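See structure below.
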Amino acid sequence: MKLKSQINHVIKEAFSKANIDEEPISVSESTKPEFGDYQFNGAMALSKKLRKNPREIAQQIIDNLDLTHVIVKAEIAGPGFINLWLDPLWVASLCETARNDERLSVAKRESPIKVVVDYSGPNMAKQMHVGHLRSTIIGDTLANLLTFLGDEVIRQNHIGDWGTQFGMLIAYLEEKGEDGSVSLKDLEQFYKDAKGRFDADEDFANKAREYVVKIQSGDAQCLELWQKFIDISLGHCEEVYDKLNVKLTRDDVRAESFYNDDLGSVIKDLETKGTLQESDGAQCVFLEGDEIPVIVQKGDGGYLYATTDLSALRYRANTLGAKRISYVVDARQGGHFKQVFRVAKEAGFVAEDVKLEHIAFGTMMDKGGKPFKTRDGGTVKLIDLLDEAVVKAKAAIKDKDEYSELEVEDLAKIIGIGAVKYADLSINRESNYIFNWDKMLSFEGNTSLYMQYAYARIQSIFRRFDADIKGGIIIGDALEQRLAVMLLRFEDVLERAALDAAPNQITTYLYDLVTLFMRFYEQNPILKEGVDEATKMSRLQLADLTAKTIKQGLDILGIQVVNRL
RNA sequence: GCACCCAUAGCUCAGCUGGAUAGAGCAUCGCCCUUCUAAGGCGAGGGUCUUAGGUUCGAAUCCUAAUGGGUGUACCA
């Protein structure tokens, strides 16, 4: 339900009836309950243009306002605010409709576009570490969100599977023979061991160098070994994705190596466009206003990641047909993307109307505000972090004896992983954030547990009720009105979050919703003695729609709910 | 040097296209379980929104500068 646009429509009608020849600004949610459900603040801004007192303009708008269905009451306040109250009957019927709709009345885009979301992008030579967490879950959320809203989302996992270190790794894999896959379980160690051999043994080092050349020249046997290495390594990533409840699959992989055959033509095409310049032996593109050029080919003829990204950009825009290409990558690469995007547009690799965006995010910090590391200064493996989350979640579950061992296991996974993801997604993605176990596994405040708890409480009501709901929703008091309006805002929030690629707008909304529900739940009994049938049925429906909204919201974030907690 | 990002309560953070007395959670202090999950709810205290200018009827929000912090900066990705 696009609630805001419905209200805006009524305002717009009032404008034309009042012969105000201006486009009204959008209404906004009221800052306080006393100020109604929504407020229109556009009268003040018109004061100068219309050369009229803002309160007079506000009155003029109100005089022409249709108060028969959407808006039921309008009041002027302060210098010229117009406070708007929505019709409880209208709100109630919209909630009923939403509750009975699989999509909770969230419309599918009328004109969906193809969107490429590039995220996760682990390096195959190393184990996934905490640095990959944010890209993976923010990207997945964005992909889920756009899919839900009806866009055609193409997930792209741009894995790092190319480069000189692979010669060394493959040489070592060959040396280990069949045992290779076993020792590869710990990629970090495998890498260290291979490096050790490389540094210690000249023969091995030479072999490794030979392999690099062989792979790049397409030697079949080498490529087979390389492929084996990538398969195993990717398998490890998939284990992490599975734990994280992230939807990336092998079909989404378009590795760096995928673009190899196109890199020569990228250079050639840049040359044809006349944008290429040689500088210190390297092939560069100098952008107007930039001191530092984009190097697309090294002095020794090798290509760089800018070259691969250019190739990927035109593949995505032209072959895949994307109209929006979103890179969910660490903020530190902002400069790189700015340059590459410009080169791609200026060279005509990507049409002007294709939206290229870098969905930047900040770094994960420890409690002391330093980049997140292990005690001895190493990188924290993502899989270890997730396992720890599950262990900690298990320890936090109260009344464990009420569940079977298997149930505790499942519960701990859902709670622990949800906590890690929610903590990350609830922070404005562009700022750095402090990783804190105690805070994320708390039931208090804006956490996944608080949402899951609210959901479970509602399910508990329905287990107890265990019958069919009859009748409709009747808004009985101001709190129910607020809850109902909040529920109807869902689509507006999702649309906004999609536009800004901001998952925390969803979490903020869910938190507000749940907080409101908890208050409603305390004050407005549902199944208790003395609640008349019609009220009971109405409140059950509000509770049900709340639960469905929580579930759908968390689902977009890739977080599961439980029926009992 | 240059560029980008950040600065809001003791701590961690919201604050959307500029709007009314700047909001949460934690921590501190009170209150509410014979009654739908108290892993909850209600209330209190706590702020020169880094500083100085500017735009505006109106600025935490937009512009400029300063200060403090972070990041990037020619052949790694």
Side-chain angles (χ1 to χ4, degrees), chain A residues 25-26 28-32 34-35 39 41-42 44-45 47-48 54 77-81 83 121 123 158 160 162-165 256 279-284 290-300 302-306 308-309 329-336 338 360 362-363 365 367 369 396-399 423 426-428 430-434 436 438-439 442-447 449-450 452-454 456-465 492-493 496-497 499-500 502 504-505 507-508 511-512 515 518-519 521-523 525-531 536 539-540 543 564-565:
Chain A
I25 61 161
S26 174
S28 52
E29 292 85 31
S30 287
T31 49
K32 284 172 198 236
E34 310 91 271
F35 299 155
Q39 56 182 211
N41 301 333
M44 281 90 79
S47 173
K48 196 173 264 180
F81 297 102
N83 295 332
N123 191 318
H158 191 82
W162 208 246
T164 47
Q165 74 267 49
E256 269 183 278
S279 175
D280 290 338
Q283 294 300 320
C284 305
D290 272 8
E291 280 177 50
I292 299 150
V294 183
I295 302 176
V296 289
Q297 188 170 26
K298 296 193 280 185
D300 68 4
Y303 302 109
L304 295 110
Y305 77 135
T308 315
D309 278 339
V329 181
D330 192 296
R332 284 173 291 199
Q333 294 198 33
H336 164 72
K338 214 171 161 186
T363 314
M365 306 290 202
K367 267 186 185 172
I397 296 172
K398 226 170 73 174
D399 307 325
S426 61
I427 298 292
N428 182 334
E430 292 190 62
S431 54
N432 296 340
Y433 90 101
I434 310 239
N436 183 335
D438 296 335
K439 199 180 152 191
S442 164
F443 282 84
E444 287 150 351
N446 190 7
T447 65
L449 264 177
Y450 184 70
Q452 288 165 333
Y453 173 61
R457 273 182 115 171
I458 298 172
Q459 297 318 304
S460 165
I461 296 170
F462 279 95
R463 273 196 299 276
R464 196 174 261 263
F465 173 64
D492 285 341
V493 170
R496 183 74 207 186
L499 191 68
D500 297 343
N504 79 304
Q505 290 181 18
T507 62
T508 300
Y511 181 59
D512 289 344
T515 304
M518 289 289 197
R519 291 179 59 189
Y521 176 85
E522 293 278 334
Q523 288 180 36
I526 301 173
L527 300 180
K528 289 186 186 177
E529 288 291 311
V531 181
K536 185 207 278 183
R539 289 178 182 168
L540 277 168
R564 215 154 60 96
L565 189 63

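Just so we're clear, the structure is a prediction, and the values are computed from it rather than from any experiment. A note on names: the letters A, B, ... follow the listed sequences, proteins ahead of strands, and every chain is numbered from 1.
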If [N] has a Watson-Crick or G-U wobble mate with both distances under 3.5 Å, name it; if not, just say none.
N      : result
C2(B)  : G72(B)
C13(B) : G23(B)
U37(B) : none
C29(B) : G43(B)
A65(B) : U51(B)

Could you work out the separation of [N] and [M] based on their [atom1] atoms and round it to a whole Å?
N      : M      : atom1 : value
U28(B) : U34(B) : P     : 25 Å
U64(B) : A59(B) : C1'   : 15 Å
G41(B) : C13(B) : P     : 22 Å
G10(B) : U50(B) : P     : 13 Å
A66(B) : U73(B) : C1'   : 24 Å
U35(B) : A44(B) : P     : 27 Å
U8(B)  : U51(B) : C1'   : 14 Å
U61(B) : G53(B) : P     : 14 Å

Checking contacts here: which listed nucleotide ([options]) is nearest the side-chain heavy atoms of [X]?
X         : options                : result
Asn428(A) : A14(B), C2(B), A74(B)  : A14(B)
Met518(A) : C42(B), G70(B), G40(B) : G40(B)
Gln333(A) : U37(B), A77(B), G41(B) : A77(B)
Ile427(A) : G70(B), C13(B), U35(B) : C13(B)
Lys439(A) : C36(B), U12(B), U17(B) : U12(B)
Pro293(A) : G72(B), A74(B), C2(B)  : A74(B)
Tyr433(A) : A24(B), C13(B), U21(B) : C13(B)
Lys48(A)  : U37(B), G25(B), U56(B) : U56(B)
Arg332(A) : C2(B), U71(B), C36(B)  : U71(B)
Tyr521(A) : G19(B), C36(B), A74(B) : C36(B)

Can you measure [X] atom [atom1] to [N] atom [atom2] for me and round it to whole angstrom units?
X         : N      : atom1 : atom2 : value
Lys338(A) : C2(B)  : NZ    : C1'   : 12 Å
Asn436(A) : G25(B) : CG    : C1'   : 12 Å
Asp309(A) : A77(B) : CG    : P     : 10 Å
Tyr453(A) : C36(B) : OH    : P     : 11 Å
Ile25(A)  : C62(B) : CD1   : P     : 17 Å
Asn41(A)  : U17(B) : CG    : C1'   : 12 Å

Under 3.5 Å, is there a donor-acceptor pair between the side chain of [X] and the main chain of [Y]?
X         : Y         : result
Asp500(A) : Ala502(A) : no
Arg464(A) : Leu527(A) : no
Asn432(A) : Thr363(A) : yes

For [N] and [X] - does any side-chain N or O of the residue sit under 4.0 Å from the phosphate oxygens OP1/OP2?
X         : N      : result
Asn504(A) : G15(B) : yes
Arg564(A) : U37(B) : no
Lys398(A) : A39(B) : yes

With the side chain counted from C-beta on, respond yes when Ser460(A) and Phe462(A) share a heavy-atom pair under 4.5 Å apart, and no when they do not.
->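 A side-chain contact is absent here, since even the closest heavy-atom pair is not under 4.5 Å.
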Assign [X] to base, sugar-phosphate, or nothing according to its heavy-atom contacts below 4.0 angstrom with the strands shown.
X         : result
Gln505(A) : nothing
Thr508(A) : sugar-phosphate
Ala456(A) : base
Pro525(A) : base
Ala360(A) : nothing
Glu29(A)  : base
Asn123(A) : nothing
Asp492(A) : nothing
Leu565(A) : base
Ser426(A) : nothing
Ile526(A) : base
Gly334(A) : nothing
Asp280(A) : base
Asn446(A) : nothing

Answer with yes or no whether Asn83(A) presents, from its side chain, a donor or acceptor under 3.5 Å of a partner atom in the base of A20(B).
->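 When only heavy-atom distances are counted, Asn83(A) does reach the base of A20(B) through a donor-acceptor pair under 3.5 Å.
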Base of A24(B) paired with side chain of Thr515(A) (donor-acceptor, under 3.5 Å) =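 By the distance-only test, no, there is no pair.
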Can the ring centres of Tyr450(A) and Tyr511(A) be said to be less than 6.0 Å apart?
->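 Yes: the rings meet the under 6.0 Å criterion.
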Can Asp492(A) and Arg496(A) be counted as an ion pair, charged N to O under 4.0 angstrom?
->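 Arg496(A) and Asp492(A): not salt-bridged.
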Roughly how far apart are Asn83(A) CG and Lys32(A) NZ, rounded to 0.5 Å?
->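 The distance works out to 11.5 Å.
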If you round to the nearest 0.5 Å, how far is CD of Gln297(A) from OH of Tyr303(A)?
->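 Separation between the atoms: 5.0 Å.
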Count the heavy atoms belonging to other residues, nucleotides or ligands that lie under 6.0 Å from CD of Glu34(A), then report whether that count exceeds 12.
->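 Enclosed.
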Kindly label the base of C33(B) as syn or anti, based on whether its glycosidic torsion lies within 90° of 0.
->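 Syn, since the glycosidic angle lies within 90° of 0.
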Face-to-face stacking of [X] with [N], centres under 5.5 angstrom, angle under 30°:
X         : N      : answer
Tyr305(A) : C76(B) : no
Phe35(A)  : A20(B) : yes
Phe81(A)  : G19(B) : no

Do the rings of His336(A) and Tyr305(A) sit parallel, tilted or perpendicular, given the 30° and 60° boundaries?
->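 Parallel.
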